[in-house]
Amino acid sequence: SRLLVLENQPQAAGASASATTTQLHILFGSQTGNAEALAQSAARAARAKGLVPVVQSLDEVDIDVFATMRHVLVITSTYGEGEMPDNAQLFWQAISASTAPRLEQMHFAVLAIGDTGYDGFCQAGKFIDMRLEQLGAKRVYERIDCDIDYEEPSNAWLGQSMPQFAASAGSSGNVLDSAPEAPAIPGGNRNNPYAATLVTNKRLSGEDSGKDIRHFEFDLSDSGLKYEAGDALGVIPVNEPALVNLLLAQLKSDYDTPVPGFERSLGDLLTYQFEISEPSRKLIEWVGQNTGNQELRHVLQHDDRDALGVWLWGKDTLDLLQLDATRSLSIPEFMALLRPLQHRAYSISSSQKAHPNQVHLTIASVRYHSGGRARGGVCSTYLAERVKRGEKPAIFISPNKAFRLPVNNDAPLIMIGPGTGIAPFRAFLEEREALGAKGKNWLFFGDQHQEHDYIYRDELSAWQESGLLTRLDLAFSRDQADKIYVQDRMLEQGAELFAWLQEGGCFYVCGDASRMAKDVDKALYAIISQFGGMSSERAADYVDQLKKEKRYLRDVY
Ligand code: 2AM
């Protein structure tokens, strides 16, 4: 397998046998690029300690090669409800098998990132950590499980674990000059965002659509920022003033109320620094313990995730505070229950080759009424309603190296992107058009109604006419009595789809992870098995091979 030797890292140092004892293999499992970005930070920390970092995705590593590694740092996120990320699945199959090799000579540590809002928090990292120990590997440092605000704890952990690796590798530290860091330009990462002028905010879905899907364009001309088709854009939202005001009233405070321990006023903190829509886990637990709400107490006592989800449906931070007016919270108590405001990442829907000075997003904004109030998604409503043209929201490029066009411009593409899942595929098509790539392109798109929800229709039609888009299959679910979904269209065209795979086709999926991507995955197995005349076992091997060759890639959330 190919080594992904890091920038500034001479090839020979990563590969030479004499450097083996100081090599640190940093293996990541990443679904959206966060764990991969952490792997790059870890590599810098390793280099500063005189280690030679070699960064690869877990699935790039052959199990026999893995068994020869001496120093291994695993950095993995968890996908969905406790599953391995896509580029760690083959690795997990290999090490969890009863035939897995013993790893007595290995020193390892695991950095797990996850989201306490989901079941199976950091489960992928926990499983790998446990399994490596079972196989005889020695843990040089205790695993860390990070929540979505992982940056600080994970960096602190890297600072503590790296000397342990250096010690076990017999490295004295600072042997290699740590490579001079390129100064981060604004927009290059989350801690240093760029103020990008919003130049276009256009509704794509029809007026009568049940959905408000919008096309946004931001100006990047003086930024020097570069992105690739497949990358995401991080947007740092600002909370809704109406909700901030309701919370201030609930807390019997003014916007300018000072908060002990903070330099900014309460109003500023609620507007710019903390999540105030979705209730935090800590707030839910506090309410469960301190109010007389029997229903919530019951759900929490039985640790029943599904029931909690049902109970929480449509409730935000304000609703929770209003549950029991008799037990009021002091402001410092309240602040301690909030989580920091997170950026939202959206798949970029443009190619920079087609739009050198712009970046485009395609976002469905979420709005609904409940409990006498208009409520909505934090960042989608911020962009749709509160940022005026000419204003400059804070953005940054969030690379997703695992979701890329094939290097071979002749390879056929099969793209499954219903709803806003079309975003990266618009970028792929623009990119292929700009490159003059000759490969065939096949898009499956769908949504509720053709009349209202057929977004980018004119662009797609023009691409069909020009021949760029070889095939376009549409699935409008609610235009007939029985639902028709993209996977139904795939199955109808199964013979052709399998033929494209046989020609070296790359299969891409973007959009809803919990239902759509699972059903599309099932349809893919069914097609390979039926039209390839394979047993389900051989079809599974075929899909594993696609994954190994990076020909089955997903950007799902
Ligand atoms: P529905 O809402 O009519 O059920 C984009 O949201 C499209 O994805 C909609 O047409 C939606 O259909 C559809 N969709 C819902 N569940 C799906 C699933 N399990 N697989 C594929 N598409 C799905």
Side-chain angles (χ1 to χ4, degrees), residues 31 79-81 83 86 118-119 203-216 232 306 309-310 313-314 344-347 349 361-369 376-377 379-381 383-384 403 414-429 442-457 459-460 471-494 497 507-530 543 552-557:
Q31 194 71 39
Y79 161 63
E81 312 262 316
E83 290 154 54
D86 276 351
Y118 286 86
D119 271 346
R203 185 165 162 135
L204 297 172
S205 47
E207 267 175 37
D208 296 328
S209 171
K211 296 188 175 182
D212 180 12
I213 303 179
R214 288 172 181 272
H215 175 77
F216 298 96
D306 290 340
V310 170
W313 200 91
R344 305 318 195 242
Y346 300 103
S347 310
S349 57
L361 297 179
T362 308
I363 302 176
S365 70
V366 183
R367 266 270 173 238
Y368 59 99
H369 277 264
C379 197
S380 62
T381 62
L383 289 175
F403 198 74
I414 304 160
M415 298 167 278
I416 316 295
T420 50
I422 195 175
F425 303 135
R426 178 178 182 267
F428 279 8
L429 289 164
W442 186 353
L443 176 68
F444 290 84
F445 172 74
D447 212 315
Q448 295 177 356
H449 299 288
Q450 169 144 5
E451 195 189 339
H452 313 302
D453 306 316
Y454 189 177
I455 62 174
Y456 297 121
R457 179 187 208 144
E459 291 182 17
L460 295 176
R471 293 204 56 156
L472 175 62
D473 281 71
L474 301 168
F476 290 101
S477 52
R478 303 191 190 184
D479 279 348
Q480 59 286 310
D482 294 319
K483 290 275 174 90
I484 297 175
Y485 290 152
V486 281
Q487 62 271 23
D488 301 317
R489 296 298 188 215
M490 283 169 58
L491 289 161
E492 284 169 20
Q493 305 298 326
L497 202 155
F507 187 81
Y508 293 89
V509 186
C510 179
D512 169 66
S514 63
R515 291 162 301 143
M516 185 275 292
K518 287 205 170 105
D519 293 344
V520 164
D521 186 69
K522 273 194 215 121
L524 181 65
Y525 280 89
I527 287 167
I528 291 166
S529 160
Q530 184 181 343
V543 173
Y552 179 11
L553 298 177
R554 306 196 298 173
D555 175 15
V556 296
Y557 34 83

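Order of listing sets the numbers, starting from 1, for every ligand and every atom in it.
If you look at ligand 1, the protein residues with a non-hydrogen atom under 4.0 Å away are K211, D447, Q448, S477, R478, K483, Y485, Q487, R515, M516, D519.
Note on ring orientation: taking the six-membered ring where Trp is involved, the planes of F403 and F428 are parallel (angle under 30°, cut-offs 30° and 60°).
Every residue two or more places apart in sequence or in another chain was checked for a salt bridge (Lys or Arg N to Asp or Glu O under 4.0 Å) with E81, and none qualifies. Here Q487 pairs with nothing under the side chain to side chain donor-acceptor pair (under 3.5 Å) rule; sequence neighbours left out. Partners of H215 under the side chain to side chain donor-acceptor pair (under 3.5 Å) rule, at least two apart in sequence or in another chain, are E217, Y456.
Using a 3.5 Å distance cut-off with no hydrogens or angles, the side chains of D521 and Y552 do pair a donor with an acceptor.
Put simply, the side chain of S380 gets close to the backbone of V366: a donor and an acceptor are under 3.5 Å apart.
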